[in-house]
Amino acid sequence: MENAPIGIFDSGVGGLTVARAVLDLLPKESIIYIGDTAHSPYGPKPLATVRSLAIDVMDQLVDQGVKMLVIACNSASAAVLRDARERYTIGRGLPIVEVVLPAARRAVAASRTGRIGVIGTQATVDSRAYDDALAVAPGIELFSQACPDFVELVEQGVTAGPKVLDVARRYLEPLIELDVDTLILGCTHYPLLAGVISYVMGDEVTLVSSADETARDVYRTLVAQDLLRGDDAPPPQHRFVSTGDEAVFSSLARRFLGPEVDQVEHGIASGTVTEGAR
Ligand code: DGL
């Protein structure tokens, strides 16, 4: 089992920031990455729709024989985490790491004042998943802000310059007013905006990337469950699957992850979502 790949999924290319962080910490591991680009973006969709899409993709990864699942998408983590643990961890003994809890834990450790901000998609903010994750932490106040235009800007490659600066100021000013000292980047795409977000928030605000924290959790989980690939394992092999247009995925993927993405396969998009819900 330890030589099996890690299954990572996201609504599209954004989760490749998590895959990048995982490969940086665990270069001997193989991954299968599914980007559900046929249904992307998840962020504006109702939570029930995101839940059913996410389960379909995770079922496909489990059928491929992965040794663990990583929900690299914040919107999907927020929508499906509880169901996923029941279905795969309790049901099949597969460990699952998602992006919300690791980032919430790091934010609590980093904050000096207990005033924490989180930015994410509308689905993530509506789910209140970060509020739930932080509910038991004493002395913490959480302030959430949806930043729907950020995803599109990142996918257009607009991560610096006046346009993104204007949008960032509009979204982040309320959090500056609220005097947060720590800000969770609660969306796969936002690590690529760390420059402009840090510039607007100021140096004294600590940014927490859910990608980095999740990768550390993947590392911890593999060690704890004795699932690390051995030193004599064959070289790792990675597979990248897109349920939508492979060419678009491929060109964006190289920006998000790098040269490891050499070939993109076409995956089957689930048919469980009706046109009206898309
Ligand atoms: N991957 C999504 C997330 O982290 C962002 C893109 C989308 O809305 O699908 O929430």
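For ligands, and for the atoms within them, numbers begin at 1 and follow the listed sequence. Since the structure is predicted, the reported quantities are computational estimates derived from the model, not experimental observations.
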To atom 7 (C) of ligand 1, the nearest of Y42, F9, Y190 on a heavy-atom basis is Y42
For atom 5 (C) of ligand 1, state which one of G43, C187, A72 supplies the nearest heavy atom.
C187
Side chain, backbone, both or neither: the part of S75 lying under 4.0 Å from ligand 1 by heavy atom
both
Using non-hydrogen atoms of the residue, decide whether G14 is closer than 4.0 angstrom to ligand 1.
no
Find out whether I197 and I119 are in side-chain contact, i.e. whether some heavy atom of one side chain is under 4.5 Å from a heavy atom of the other.
yes
Can you find an N/O atom of H189 closer than 3.5 Å to an N/O atom of ligand 1?
no
salt_bridge(E155, R255) N-O dist < 4.0 Å:
no
Atom indices of ligand 1, in the order listed, that fall short of 4.0 Å to a heavy atom of S11:
1 (N), 2 (C), 6 (C), 7 (C), 9 (O)
F249 vs Y33 aromatic rings, parallel, tilted or perpendicular, using cut-offs 30° and 60°?
tilted
Are any of the side-chain nitrogens in R106 or D212 under 4.0 Å away from the carboxylate oxygens of its partner?
no
Where does T188 meet ligand 1, judged by heavy-atom distances below 4.0 Å: at the side chain, the backbone, both, or neither?
both
Counting only heavy atoms not in R128, do more than 12 sit closer than 6.0 Å to its CZ atom?
no
Go through ligand 1 atom by atom and flag the ones less than 4.0 Å from a non-hydrogen atom of D10.
1 (N)
Are any non-hydrogen side-chain atoms of F256 and R20 less than 4.5 angstrom apart?
no
